[in-house]
Amino acid sequence: MSQKGVLVVISGFSGAGKGTLMKELLKQYPNYALSVSATTRQPRPGEVDGREYYFVTEKDFDEMIAKDQMIEYACYCGRYYGTPRTYVEEQMASGKDVLLEIEIQGALQIKKKFPETILIFITTPSAEILKNRLVGRGTETPEVIAARLSRAVEESRGIEEYDYVLVNDDLAECTALLHQVIQDQHHRACNQMDFIEKTREELKGFCQ
Ligand code: 5GP
């Protein structure tokens, strides 16, 4: 098995239940690390700095970019979001599978830089359910909900760039499927190169 963790990008329409899925994965399996992003948006009630996000000013955000401290970043509905580099690199090196819950522009940047990354898109069984979940959350204004729905229309055009689309109908089923899809990645040749190279060197030793 690969000793290095795999990098997993989870995207999906706002309201598709990505956050709940991530929590379930982390609760059920020990091998995942969830990256905490930096954002310039305001915290929602109940959100804690350093837990849901690092809530930073635009100046701090610009500085992080200038110092190459983010592996990707994007603007989403007028706010900036980015993935801090150090945590991802350290966790992957220690063998953890690292989850990035990010939107599509960031996902595509990551795939370009690290082609072995797996991109997974989470959606609801229908648009109606998506809208109801967004409204039902009660945390967003009607304007924000409208912006997020129109963003969902845009994002739906980029889904073909993803490796998998999972429909989050039943949470337990979707969590199990997500776990299986990620674990399968360990067996891909691109994630087994260290093992293959070690074996090759040992084989060479037998030939001497
Ligand atoms: P929210 O404001 O609802 O927490 O997140 C809005 C969107 O930003 C979601 O689609 C979420 O996946 C995305 N997002 C969160 N963190 C990051 C990040 O570090 N980079 C990028 N590109 N998108 C992010």
Side-chain angles (χ1 to χ4, degrees), residues 7-26 32-58 60-65 67-89 91-92 98-114 117-124 130-131 133-159 161-162 164-166 168 174 178:
L7 189 55
V8 186
V9 164
I10 315 274
S11 304
F13 301 130
S14 181
K18 290 163 289 171
T20 316
L21 264 176
M22 299 297 92
K23 278 193 195 127
E24 275 304 303
L25 261 194
L26 292 165
Y32 293 109
L34 178 65
S35 162
V36 176
S37 298
T39 183
T40 62
R41 85 150 161 75
Q42 293 299 305
R44 294 187 187 126
E47 286 185 333
V48 176
D49 186 39
R51 190 180 67 189
E52 277 78 15
Y53 283 104
Y54 297 106
F55 296 99
V56 299
T57 61
E58 284 205 16
D60 292 339
F61 199 91
D62 288 345
E63 249 176 58
M64 289 176 79
I65 295 169
K67 290 182 183 159
D68 198 26
Q69 289 171 348
M70 298 229 238
I71 53 174
E72 63 74 36
Y73 66 93
C75 185
Y76 179 94
C77 296
R79 303 290 174 199
Y80 289 91
Y81 296 80
T83 305
R85 177 185 302 281
T86 313
Y87 179 82
V88 172
E89 291 180 349
Q91 293 297 314
M92 282 180 69
V98 178
L99 308 169
L100 307 184
E101 194 215 307
I102 66 177
E103 53 66 71
I104 194 161
Q105 300 168 64
L108 301 183
Q109 290 173 45
I110 293 277
K111 186 79 174 180
K112 221 173 177 181
K113 280 190 198 162
F114 313 103
T117 306
I118 164 175
L119 302 191
I120 303 173
F121 198 91
I122 310 290
T123 183
T124 46
L130 191 71
K131 182 173 168 248
R133 280 202 199 156
L134 265 180
V135 174
R137 258 190 202 171
T139 54
E140 320 292 351
T141 61
E143 291 74 32
V144 170
I145 291 172
R148 288 181 174 231
L149 287 173
S150 112
R151 176 68 189 225
V153 175
E154 271 174 49
E155 292 202 330
S156 69
R157 298 199 177 100
I159 291 182
E161 304 288 339
Y162 282 72
Y164 296 90
V165 173
L166 304 188
N168 184 15
C174 195
L178 185 56

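One-based numbering, in listed order, for ligands and for the atoms of each.
Among protein heavy atoms, atom 11 (C) of ligand 1 sits closest to Glu101 O, 3.9 Å. Considering only non-hydrogen protein atoms, atom 23 (N) of ligand 1 sits nearest to Glu103 N, 3.1 Å. Among protein heavy atoms, the minimum distance from atom 9 (C) of ligand 1 is reached at Lys18 NZ, 3.8 Å. Summary of contacts: the protein heavy atom closest to atom 20 (N) of ligand 1 is Glu72 OE2, 2.7 Å.
The shortest N or O to N or O distance between Gly82 and ligand 1 is below 3.5 Å. Note: no N/O pair closer than 3.5 Å links Arg137 and ligand 1 by distance alone.
Of all the heavy atoms of Glu52, none lies under 4.0 Å from any atom of ligand 1, so neither backbone nor side chain is involved. The residue Met70 has no part lying near ligand 1, judged by heavy-atom distances below 4.0 Å. Residue Arg148 touches ligand 1 through its side chain alone, judged by heavy-atom distances below 4.0 Å. The residue Gln105 has no part lying near ligand 1, judged by heavy-atom distances below 4.0 Å. Under 4.0 angstrom from ligand 1, there are no non-hydrogen atoms of Arg79.
Using a 4.0 Å cut-off between charged nitrogen and carboxylate oxygen, Lys113 and Glu72 do not count as a salt-bridge pair.
Contact check for Thr39 versus Tyr80: no side-chain heavy atoms found under the 4.5 Å cut-off. When side chains are defined from C-beta on, Ile122 counts as touching Ile120, because their heavy atoms get closer than 4.5 Å.
Interface atoms of ligand 1 facing Gly106, defined by a heavy-atom separation under 4.0 Å, are 22 (N). Heavy-atom proximity to Arg41, at under 4.0 Å, picks out these atoms of ligand 1: 1 (P), 2 (O), 4 (O). In summary, the atoms of ligand 1 found under 4.0 Å from a heavy atom of Ala74, numbered by their order in the structure, are 22 (N).
Of the listed options Ser37, Gly15, Gly12, Ser37 places a heavy atom closest to atom 19 (O) of ligand 1. The closest heavy-atom contact to atom 15 (C) of ligand 1, among the options Tyr76, Phe13, Tyr53, Tyr73, comes from Tyr53.
Rounding to the nearest 0.5 Å gives a distance of 8.5 Å between CD of Glu161 and CG of Leu119.
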